[in-house]
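Chain A is the first sequence line, chain B the second, and so forth, proteins listed ahead of strands; every chain is numbered from 1.
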Amino acid sequence: MAPTRDILMKFYDAMAKAYGKQHWWPADNPFEVMVGAVLTQNTNWKNVEKAIENLKAAEVMDPFKLHALSQASLASLIKPAGYFNVKAKRLKNLLAWFCEQHDGSFEAIAQYHTYALQEALVNIKGVGRETADAIILYAFNKPTFVIDRYTHRILTRHGLIDMEASYDDMKQLFEGCLPDDLALFNEFHALIVQVGKNHCKPKAKCEGCPLEQFAHCVNPESF
DNA sequence: GACCAGGCACATC
DNA sequence: GATGTGCATGGT
């Protein structure tokens, strides 16, 4: 077995043992996944939940209703998620793509090959690599590995990649070593976020981290 | 009050 | 290409 794959699977098993099944993405349906993926950009999920509650309470958590809403009204509803003016614009861009170009049909978009969907999503202003991959994996159920800040931190702290590694470097590390398995990619990223939240903050000590047994944190004080 | 959060686009050099 | 900056609320 390839060494890196062996290490990654040990990480996965240790995290799964510590935290169990994650049941990601925390949303009622694929559309909510798309909305949540934009709202959570550089934002604590708790704040996103408040914004989503506002949308549901206003009865606009629906592709065409949200698309019909003015940007100002949308911004007002998603305020708790922060960056509300920026995110309202980004959501409108995503909704225009989804509703106008694909008639709000997940089935139509699901016909895309993963790489084509990746490209289409990233071409939407406000959708970057991570948001695109999160939507592809958790809304469209296509196996692609999602890289986020926690992934970068965990990989660098355990010496699996260097600080300057790009998004693609990290993505390739996982996708090149692991089997192309939807359930595995789904759980792996969710577990990384769980471990990251609890043990991998910039100034947090790594005590109790399920990955502590494999390697120490290189620089937990500053990054 | 400072720091952090499941990024991204854009300006500037 | 790479480096810096604005965007903003809410929890610790």
Side-chain angles (χ1 to χ4, degrees), chain A residues 11-12 15 19 22-27 30 32-55 71-72 74-97 118-139 144-157 162-171 174 185-209 211 217 219-223:
Chain A
F11 276 31
Y12 178 80
M15 293 191 296
Y19 287 106
Q22 298 299 297
H23 304 288
W24 264 38
W25 182 285
E32 267 189 50
V33 174
M34 291 207 304
V35 173
V38 170
L39 292 179
T40 197
Q41 289 171 354
N42 201 35
T43 301
N44 189 300
W45 183 255
K46 287 286 178 193
N47 288 2
V48 176
E49 284 182 330
K50 296 176 201 294
I52 289 176
E53 279 312 304
N54 285 350
L55 294 174
Q71 193 176 300
L74 180 54
S76 169
L77 288 168
I78 63 173
K79 220 164 209 172
Y83 305 129
F84 48 84
N85 288 315
V86 174
K87 287 175 179 174
K89 192 173 294 181
R90 291 176 179 179
L91 279 174
K92 295 291 278 182
N93 293 341
L94 178 58
L95 288 161
W97 173 80
Q118 163 96 237
E119 195 178 338
L121 285 167
V122 168
N123 279 330
I124 299 167
K125 293 292 178 199
V127 178
R129 300 299 307 277
E130 181 185 341
T131 305
D133 281 335
I135 290 171
I136 293 167
L137 178 61
Y138 294 108
T144 196
F145 209 93
V146 181
I147 304 299
D148 68 346
R149 186 180 306 185
Y150 292 131
T151 312
H152 186 212
R153 235 178 240 158
I154 288 171
L155 290 179
T156 53
R157 285 186 178 189
D162 48 61
M163 282 291 292
E164 294 73 32
S166 69
Y167 187 94
D168 278 323
D169 290 337
M170 293 184 275
K171 192 174 172 64
F174 288 97
F185 287 5
N186 181 318
E187 284 299 307
F188 212 138
H189 174 67
L191 284 164
I192 284 172
V193 173
Q194 185 65 31
V195 168
K197 278 181 181 173
N198 292 320
H199 306 285
C200 221
K201 294 189 175 225
K203 290 175 183 172
K205 294 184 179 174
C206 301
E207 287 169 14
C209 179
L211 300 180
C217 287
N219 189 7
E221 300 304 321
S222 60
F223 175 71

May I ask you to say what [X] touches in the nucleic acid, namely base, sugar-phosphate or nothing, with a heavy-atom cut-off under 4.0 Å?
X        : value
A/Lys197 : base
A/Ile147 : nothing
A/Lys79  : sugar-phosphate
A/Arg90  : base
A/Val127 : sugar-phosphate

**Prompt:** Of A/Thr43 and A/Lys50, whose nearest nucleotide on DNA chain C comes first from the 5' end?
**Reply:** A/Thr43
So, is [X] near the phosphate of [N], with a side-chain N or O under 4.0 Å from OP1 or OP2?
X        : N     : answer
A/Thr131 : B/dC8 : yes
A/Lys87  : B/dC8 : no
A/Asn85  : C/dA8 : yes
A/Arg153 : B/dA5 : yes

**Request:** Specify the closest pair of heavy atoms between A/Ile78 and A/Leu91, including all atoms of both residues, with the distance to one decimal.
**Result:** CD1-CD1, 4.3 Å
Once you round it to whole Å, what is the distance between [atom2] of [N] and [atom1] of [X]?
X        : N      : atom1 : atom2 : answer
A/Leu39  : C/dC7  : CG    : C1'   : 14 Å
A/Gln194 : B/dA5  : CD    : P     : 15 Å
A/Asn44  : C/dT12 : CG    : P     : 8 Å
A/Ile135 : B/dG7  : CD1   : P     : 14 Å
A/Tyr167 : B/dG7  : OH    : C1'   : 11 Å
A/Lys46  : C/dA8  : NZ    : C1'   : 20 Å
A/Glu53  : C/dT9  : CD    : C1'   : 17 Å
A/Arg149 : B/dC4  : CZ    : P     : 10 Å

**Asked** Between A/Asp133, A/Val127, A/Thr131, which is the residue that forms a side chain to side chain contact (heavy atoms under 4.5 Å, CB included) with A/Leu121?
**Response** A/Val127
**Item:** Name of the residue among A/Val33, A/Asn186, A/Leu137 meeting side chain to side chain contact (heavy atoms under 4.5 Å, CB included) with A/Trp24
**Value:** A/Asn186
**Prompt:** Any donor-acceptor pair under 3.5 Å linking the side chain of A/Gln22 with the backbone of A/His189?
**Reply:** no
**Asked** Is a side-chain donor or acceptor of A/Asn93 paired with a backbone partner of A/Lys125 at a separation under 3.5 angstrom?
**Response** yes
What's the closest nucleotide to the side chain of [X] if the choices are [options]?
X        : options              : result
A/Pro80  : C/dT9, B/dC8, C/dA8  : C/dT9
A/Asn47  : B/dG7, C/dT9, C/dA8  : C/dT9
A/Phe84  : C/dC7, C/dT9, B/dA5  : C/dT9
A/Pro202 : B/dG7, C/dG10, B/dA5 : B/dA5

**Message:** Between B/dC10 and C/dA8, how far apart are the two P atoms, rounded to whole Å?
**Reply:** 15 Å
**Request:** Could you check A/Val122 against A/Ala37 and say which one's nearest nucleotide on DNA chain B is further toward the 5' end?
**Result:** A/Ala37
**Asked** A/Phe145 ring centre to A/Lys171 NZ or CZ under 6.0 Å, with the angle to the axis within 45°?
**Response** no
